[in-house]
2 protein chains.
Amino acid sequence: MKLSLPAQTILLPSPVLIIGTYGSDGRPNIMNAAWGGIVCSKPPCISVSLREATLTYHNIKQAGAFTVNIPSEKYLKEADYVGMVSGRDCDKFKETRLTPEKSKLVNAPIVKEFPYTLECNLIKEVELGSHTMFIGEIVGMVADSEVLSPYQLPDIEKVRPMLWGSFGSVAYYNIGDKLGNAFSVGNELQRS
Amino acid sequence: MKLSLPAQTILLPSPVLIIGTYGSDGRPNIMNAAWGGIVCSKPPCISVSLREATLTYHNIKQAGAFTVNIPSEKYLKEADYVGMVSGRDCDKFKETRLTPEKSKLVNAPIVKEFPYTLECNLIKEVELGSHTMFIGEIVGMVADSEVLSPYQLPDIEKVRPMLWGSFGSVAYYNIGDKLGNAFSVGNELQRS
């Protein structure tokens with residue numbers, strides 16, 4: 001039975017974006033954000049939406065840059081932890097024993113242990129209400145050679161990313177089985 | 001070994017968003033989009049980025065509304081198919097045998113067979129280059145009663161959504177195992 005329900009910000013799956021920034025004092029910080037996604041192909045852009053209460057919000061405004069680090073599932077605890085505490089109160093890199101490395105392209109830190117990172121320069125801000133959307137142009141990518149496809153692209157089966165089940169389950173999941181090839185499996189329908 | 005690579009629009013996982021719209025002639029259409037995500041909590045907003053070449057781009061501009069329908073994994077072929085053909089050339093609802101139902105809240109169709117749908121009114125457009133970002137305020141949600149959690153929220157384990165592995169695998173995947181509870185499993189790190 002179909003039910004009409006109140007509006008909810010439930011997108012399934014939602015990503016686990018670990019946003020890397022520097023403070024004005026040069027201190028690296030990371031936070032866990034779920035409100036974001038790719039927003040343009042040319043130029044390549046990604047958005048992440050943040051509340052003004054976060055340190056990352058102010059760091060992005062000041063530095064004009066951020067990284068989007070994708071954790072593999074084995075960094076479950078670290079990813080959850082950096083979404084629970086503020087960089088104002090502690091050094092999240094130190095507490096998680098993750099390693100910040102300066103991006104060669106943008107003024108933001110890369111999480112060394114994570115399989116790949118998108119390096120972004122802030123190009124636009126859109127105020128929406130509780131959240132401000134920061135749109136970053138992806139100017140480069142850093143990846144572990146072991147997670148790449150033959151075309152030098154991050155392969156989901158090697159990256160083993162997490163995903164967030166949003167408010168319905170309030171839990172993280174991993175990737176399951178391959179269902180079919182994109183731009184391909186739909187052809188079977190045409191023949192039916 | 002860490003490699004510095006060209007910029008890529010690879011976010012893992014990426015969602016499978018089936019965007020429902022009406023044309024100016026009242027004809028319902030659906031397309032498969034991966035560039036989007038939740039962008040604000042209050043008001044609840046979601047973005048979807050589209051190329052001007054798509055029929056959906058023009059339908060959203062004219063109707064000022066769209067739906068985001070989340071397919072369960074059993075609609076793999078249908079989801080892929082509606083991303084491969086244009087609504088200018090065919091009736092995608094007819095060809096997929098999916099059923100359009102008018103949203104009670106917005107001027108856009110709901111895919112009856114899919115487990116849940118976000119109903120959106122267009123509130124902002126952001127031109128970025130190849131893609132224009134359409135930001136919709138989520139004004140309601142329609143869901144099958146069987147996919148809801150005890151709090152009446154779509155439960156990922158019941159929705160069984162698909163995800164897209166982006167350009168590294170060019171394939172769809174399903175959801176795997178629950179890894180741990182959000183805002184909880186990170187606490188274990190604090191004790192270490």
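Labels below follow one simple rule: chain letters A, B, ... track the order of the sequence lines, proteins then strands, and each chain is numbered from 1. The structure displayed is predicted, hence computed values, not measured ones.
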Top of [options] for chain B proximity - count of heavy-atom pairs under 4.5 angstrom:
options	result
A:C40, A:A33, A:A34	A:C40
A:V16, A:N181, A:L50, A:N174	A:N174
A:I175, A:L105, A:I70, A:V147	A:I175
A:S149, A:G180, A:P15	A:G180
A:Q152, A:K158, A:E157, A:E101	A:E157

Using a cut-off of under 4.5 Å on heavy-atom pairs, state which of [options] scores highest against chain A.
options	answer
B:V82, B:L153, B:D177, B:D155	B:D177
B:V159, B:L179, B:V39	B:L179
B:A182, B:G36, B:G37, B:S184	B:A182

Test of understanding: clusters of I, L, V, M, F, W, Y form through side-chain heavy atoms closer than 4.5 Å, transitively. Do [X] and [Y] belong to the same one?
X	Y	value
B:L55	B:I18	no
B:Y22	B:L118	no
B:V106	B:V111	no
B:L3	A:Y116	yes

Residues of [range] with any heavy atom under 4.5 Å of a heavy atom in chain B:
range	answer
residues 4-12 of chain A	A:S4, A:L5, A:P6, A:A7, A:Q8, A:T9, A:I10, A:L11, A:L12
residues 126-146 of chain A	A:V126, A:E127, A:L128, A:G129, A:S130, A:H131, A:M133, A:I135, A:I138, A:V139, A:G140, A:M141, A:V142, A:A143, A:D144, A:S145, A:E146
residues 160-173 of chain A	A:P161, A:M162, A:L163, A:W164, A:G165, A:F167, A:G168, A:S169, A:V170, A:A171, A:Y172, A:Y173

Closest non-hydrogen atom pair, A:V185 against B:D80: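 Result for this residue pair: N-OD2, 3.1 Å.
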Any residue meeting side-chain contact (heavy atoms from CB on, under 4.5 Å) with B:T117, in chain and number order, not counting sequence neighbours: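 Counting only residues at least two positions away or on another chain, B:T117 forms a side-chain contact (heavy atoms from CB on, under 4.5 Å) with B:T67, B:N69, B:I110.
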Measuring heavy-atom distances to chain B, does [X] have an atom under 4.5 Å in its side chain, in its backbone, in both, or in neither?
X	answer
A:K104	side chain
A:E119	neither
A:P115	backbone

Look up atom [atom1] in [X] and atom [atom2] in [Y], then write down how far apart they are to the nearest 0.5 Å.
X	Y	atom1	atom2	result
A:M84	B:L189	CE	CG	10.0 Å
B:W35	A:I46	CH2	CD1	9.5 Å
B:I38	A:S14	CD1	OG	6.0 Å
A:F114	B:K2	CZ	NZ	9.5 Å

Are more than 12 heavy atoms, taken from residues, nucleotides or ligands other than B:K102, located less than 6.0 Å from that residue's NZ atom?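 Atom NZ in B:K102 is crowded, with more than 12 foreign heavy atoms closer than 6.0 Å.
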For the CZ atom on A:R27, are there more than 12 heavy atoms of other groups (residues, nucleotides or ligands in this structure) within a distance under 6.0 Å?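 Counting neighbours around CZ of A:R27, more than 12 heavy atoms of other residues, nucleotides or ligands fall under 6.0 Å, so yes.
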Which bit of B:L148 comes within less than 4.5 Å of chain A, counting heavy atoms only: side chain, backbone, both or neither?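 It is the side chain, since no backbone atom gets that close.
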Measuring heavy-atom distances to chain A, does B:K124 have an atom under 4.5 Å in its side chain, in its backbone, in both, or in neither?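 For B:K124, the contact with chain A is made by the side chain alone.
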